[in-house]
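Labels below follow one simple rule: chain letters A, B, ... track the order of the sequence lines, proteins then strands, and each chain is numbered from 1.
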Amino acid sequence: DAGVIQSPRHEVTEMGQEVTLRCKPISGHDYLFWYRQTMMRGLELLIYFNNNVPIDDSGMPEDRFSAKMPNASFSTLKIQPSEPRDSAVYFCASSLARGTGGRFGNTEAFFGQGTRLTVV
Amino acid sequence: AQSVTQLDSQVPVFEEAPVELRCNYSSSVSVYLFWYVQYPNQGLQLLLKYLSGSTLVKGINGFEAEFNKSQTSFHLRKPSVHISDTAEYFCASTGFQKLVFGTGTRLLVSP
């Protein structure tokens, strides 16, 4: 498997524009996570999905952010409208949960290379 | 609530010296624990993980960590560091589904 694939690797956009980040998880993985990394706030969990269903979006900073997972092999994170403070590296990660009672165990999260977003 | 605390934001060390990066976790449920490494302009890569069993876990690149339930710690150690170990190190935990990271520790190895 090629690993988690994110596109684009770099995105420069003007304030007010819509930005869409894309992620292809590892085939067979049932969890998908979106993180944002900045110098000031470190690595923040924005949202995660289990079997394509959003489970926890409490980390999404505001209504300008939205994420979807229409099928097991694709997810998007959209920012509309974008603002300079959204500039960050956005990571997607996927994992395969095993164990009992829905515990997230016996596995690890695999990360993509990230998308570096710059909003000017 | 589940959380991870990395006590040191930056750790400078000389090459071939030992190093310990500290991590404490807090959770109302049993957790699994991980250490990830991030090299500049790259994603995160798993160093090691604790799921169950032996509390001393060995990972890649000569790193190891010890799970201490009574102290709720999962410190990362390496007996002799190399220049190439210079990177950001993240401790992480999972309780029920969510994967939560600490704020990271930058390891700076100098000659």
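Minimum interatomic distance between B:Leu99 and A:Leu45 (heavy atoms only, all atoms of both residues): O-CD2, 4.0 Å. B:Leu44 and A:Phe111 get closest at one heavy-atom pair: O-CB, 3.6 Å. Here the shortest heavy-atom pairing between A:Arg9 and B:Asn41 reads NH2-O, 4.0 Å.
Heavy-atom distances place no part of A:Arg41 under 4.5 Å from chain B, backbone and side chain included. The part of B:Gln38 that comes within reach of chain A is its side chain, from C-beta onward, which places non-hydrogen atoms under 4.5 angstrom from that chain. Heavy atoms closer than 4.5 Å to chain B are found in the side chain of A:Gln37, but not in its backbone.
Under a hydrophobic-cluster definition in which Ile, Leu, Val, Met, Phe, Trp and Tyr are linked whenever side-chain heavy atoms come within less than 4.5 Å, directly or via other members, A:Val19 and A:Ile47 are assigned to the same cluster. Hydrophobic clustering, with ILVMFWY side chains joined whenever heavy atoms are under 4.5 angstrom apart, groups B:Val11 together with B:Tyr39. There is a path of hydrophobic side-chain contacts, each under 4.5 Å, that joins A:Leu117 to A:Leu77. Hydrophobic clustering (ILVMFWY, side-chain heavy atoms < 4.5 Å, transitive): B:Val37 and B:Leu108 are in distinct clusters.
Annotation for A:Asp63: atom CG does not count as buried by contact number, only 12 or fewer foreign heavy atoms lying within 6.0 Å. The environment of CZ in A:Phe74 is crowded: more than 12 heavy-atom neighbours from other residues, nucleotides or ligands sit within 6.0 Å. Counting non-hydrogen atoms of other residues, nucleotides and ligands closer than 6.0 Å to CD of A:Glu62 gives a total above 12.
Taking the centre of each ring, A:Phe91 and B:Tyr36 stay at or above the 6.0 Å mark.
Atom CD in A:Glu108 sits 10.5 Å away from atom CG in B:Leu47 (nearest 0.5 Å). Here B:Thr103 contributes atom OG1 and A:Glu44 contributes atom CD; the two are 12.0 Å apart, rounded to the nearest 0.5 Å.
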